[in-house]
Amino acid sequence: MSKIKITLKDGSVREYEKGTTVLDITKDISQGLARNALAAKLNGRKVDLGTPVNEDSALEILTFDDEEGKTVYRHSTAHIMAQAVKNLFPETRFGIGPAIADGYYYDFDVPENFKPDDLARIEAEIDKILKQDYPFERFEVSREEALQMFEEAGEKYKVEIIRDLPEDAVISCYRQGDFVDLCAGPHVPTTGKIKAVKLMSLAGAYWRGNEKNKMLQRIYGTAFPKKTLLDEYIYRLEEAKKRDHRKLGAELDLFSMQDEGPGFPFFHPKGMILRNELENYWRQEHKRWGYQEIRTPVILNRGLWEQSGHWDNYKENMYFTQIDDVDFAVKPMNCPGSILIYKSKLHSYRDLPIRLAELGLVHRHELSGALHGLMRVRCFTQDDAHIFMLPSQITEEIVGVMELIDKFYKVFGFEYHVELSTKPEKAMGSDEIWDMATDALKKAIETKGIDYKINEGDGAFYGPKIDFHLTDCIGRTWQCGTIQLDFQMPEKFDLTYVGEDGQKHRPVMIHRVVFGSIERFIGILIEHFAGAFPVWLAPVQVKILTVTDRGRNFSREIRSTLDEQGIRAEVDERNEKIGYKIREAQLEKVPYMLVIGDREVENKTVAVRKRGEGDKGTLALPEFIKNVKEEIRLKK
RNA sequence: GCCGAUGUAGCUCAGUGGUAGAGCAACGCACUCGUAAUGCGUAGGUCGUGAGUUCAAAUCUCAUCAUCGGCUCCA
């Protein structure tokens, strides 16, 4: 018998007889590993555990700790769910069933839509299949065999997938029990490997994600190798739900949505404080970075939007009105307004770059089903700016914007990554100009030495863009900042500057936002901080709590002193026990509480209690004020 | 816009054909209290809206609006 050499992930080399399977090898290496092994990579290719090893190989065992192992595990569970659905609803036709971030889904074409109760039935059927411990068996078929097999079964979606496979594709199927599915694999060895399964939700989803296609029924689920891991996951979901900005927004009285204005948020007094703090900081920083603030009208005539190209590209998402029989549109973007200001006078090359910043309220008619709290609205404020510059200033300006964005995100403790989006199908301008603009963005990112991902075809219709995706404290990412380079608008609006040579030249434009949408950014901040904002943003920074009504006058004095010092404070002088007032202030997530009893009144001091840290001892008022002011200063 | 679900008091929810309920919050009274809920009492809803079925509708049917979970979209 000839031996073959296997290089393991840790670099060690072992010898096995030809034909030994991956599963045997994992058993040989370690019993623990064999139990946890879900999939393997052989010479870099993912394979089933049953795959025999027939050549000198590099073998990597994947467990549930690997993303790839998880994918195999969840994808196998998707097959099992499909089998369960087939058992219960034999008329079902099958779409696709991939693993996703925290689980998997499978799309089904069923004669009658699932009802929520069906999920429990399907779960019970899945449990039966797990107990049967069917092996996952792989077999390869020719294209003709595959087509014949799935056509006979009436699996029109599978047939469509097979037809779309490349000519030379190896077509494989997996069978567990009497259920067969088209699949590239790999899978776990047997259905019994899957331990803790939960079906999460039911939704409609278009076949192949195209709204022109039939809407299938999608079931989302997840699976873990242990019940405790599943429980932890469900706990994490519940924790995330607790920070939902819609729930906290109502509880903290920051904003509301009303039936009378779907997608148009109402900001309450406390929400406005938060918002104004953000805007004040924004103004302060933009002034420092050489921006000039402007404001342009919300309604502008149709001709302007035809000229900008928005009419052609986005009129179905715009709001319109008529004034004196003339068509007007509510602005979906701020750039045309900014451009009109640029055009209002002649510019010398010496004036450039000109950075015009605008907190611009825009309206976009989003589909009703897409609305989501502050995250997806129909009117929002972009912290927009347009930079008009010489072609030679492009890289420097983009780098400047990147530095500004970096500074902003760090203030809130956000990590971020950047992505570069290139020319979309629906684009204006020549390939040559697009290449030039895309190269300019690449050059700027590379100047900053940042890693980036490229999204082909994801750019704006007028130019390529850099997007900034920030990561919040529970690991979710949000696209916020964007820098878009634009050679088209200057052309369409005939923008010019007078050069050194006395001739008119074409400037280049940058569109950029830092927060993106103020409303959405507030939503992200609410979830990021779980409503417990840093002192500088907290709507109420200090709550003064009286122990008895003998503390009332001193508390009011403290409040007015804090007010004079620019610190936002409220007095709770109700006839309630101190414990009750503390509990309420804590639930309101106020950063500081000052407890005022007889001792404090007598000594003219304050007993400080800090959110999350408890009792911080007794201080003289001026000292407390100094500390709070320092904390506010440092956070910015 | 599409698929599914939901809509009852300020909030969280119970109420499956016979004149609407609880807890918390609010308000009143008592208690003047030292670091996460003092006690007692009072008030509060044309059950999202509009039609229909029925002797009778929160409850059944239809339409409509809004919200929630997805899909699609996000200049």
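Naming convention: chains lettered A, B, ... in sequence-line order (proteins, then strands); numbering from 1 in each chain.
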Residue list, salt bridge (Lys or Arg N to Asp or Glu O under 4.0 Å) with Asp549(A), at least two apart or on another chain =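 Checked Asp549(A) against salt bridge (Lys or Arg N to Asp or Glu O under 4.0 Å); zero matches.
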
May I ask you to say what [X] touches in the nucleic acid, namely base, sugar-phosphate or nothing, with a heavy-atom cut-off under 4.0 Å?
| X | value |
| --- | --- |
| Ala585(A) | nothing |
| Arg599(A) | base |
| Glu211(A) | sugar-phosphate |
| Ala460(A) | sugar-phosphate |
| Gly209(A) | sugar-phosphate |
| Phe114(A) | nothing |
| Glu576(A) | base |
| Asp549(A) | base |
| Pro424(A) | nothing |
| Tyr462(A) | sugar-phosphate |
| Ala205(A) | sugar-phosphate |
| Arg364(A) | base |
| Arg609(A) | base |
| Tyr580(A) | sugar-phosphate |

In Watson-Crick or G-U wobble terms, both distances under 3.5 Å, what is the partner of [N]?
| N | answer |
| --- | --- |
| U38(B) | A30(B) |
| A43(B) | none |
| C24(B) | G10(B) |
| C62(B) | G50(B) |
| U19(B) | none |
| U67(B) | A5(B) |

message = Here's a test of your reading of the structure: between Ser368(A) and Leu371(A), which maps to the more 5' nucleotide of RNA chain B?
response = Ser368(A)

Earlier contact from the 5' end, RNA chain B, for Arg208(A) and Gln258(A) =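 Upstream on the strand: Gln258(A).
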
query = At what distance, to the nearest 0.5 angstrom, does CD1 of Ile466(A) lie from CD1 of Ile483(A)?
reply =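 One finds 4.5 Å between CD1 of Ile466(A) and CD1 of Ile483(A).
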
[atom1] gap between [N] and [M], integer Å:
| N | M | atom1 | value |
| --- | --- | --- | --- |
| A57(B) | U53(B) | P | 11 Å |
| G7(B) | C47(B) | P | 14 Å |
| U8(B) | G4(B) | P | 22 Å |
| G10(B) | G44(B) | P | 12 Å |
| A9(B) | A58(B) | C1' | 14 Å |
| G21(B) | G45(B) | P | 13 Å |
| G70(B) | G52(B) | P | 38 Å |
| U67(B) | U49(B) | C1' | 15 Å |

Could you tell me if the ring centre of [X] sits under 6.0 Å from that of [Y]?
| X | Y | result |
| --- | --- | --- |
| Tyr104(A) | Tyr106(A) | no |
| Tyr319(A) | His365(A) | yes |
| Tyr342(A) | His386(A) | no |

key: Residue of the set Asp458(A), Asp435(A), Asp431(A), Ile433(A) for which side chain to side chain contact (heavy atoms under 4.5 Å, CB included) holds with Lys423(A)   =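 Filter result, single survivor: Asp431(A).
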
Lys/Arg N to Asp/Glu carboxylate O, Lys241(A) vs Asp244(A), below 4.0 Å = no

ask   = Can you say whether the rings of His469(A) and His417(A) are parallel (under 30°), tilted (30 to 60°) or perpendicular (over 60°)?
value =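 The arrangement is parallel - the two ring planes meet at less than 30°.
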
request  = Look at the rings of His372(A) and His245(A) and say which category their plane angle falls in: under 30° parallel, 30 to 60° tilted, over 60° perpendicular.
outcome  =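 Ring orientation, 0 to 90° scale: tilted.
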
Contact interval (first through last nucleotide) of RNA chain B with protein chain A, 4.0 Å heavy-atom =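 The footprint of chain A covers G1(B) to A75(B).
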
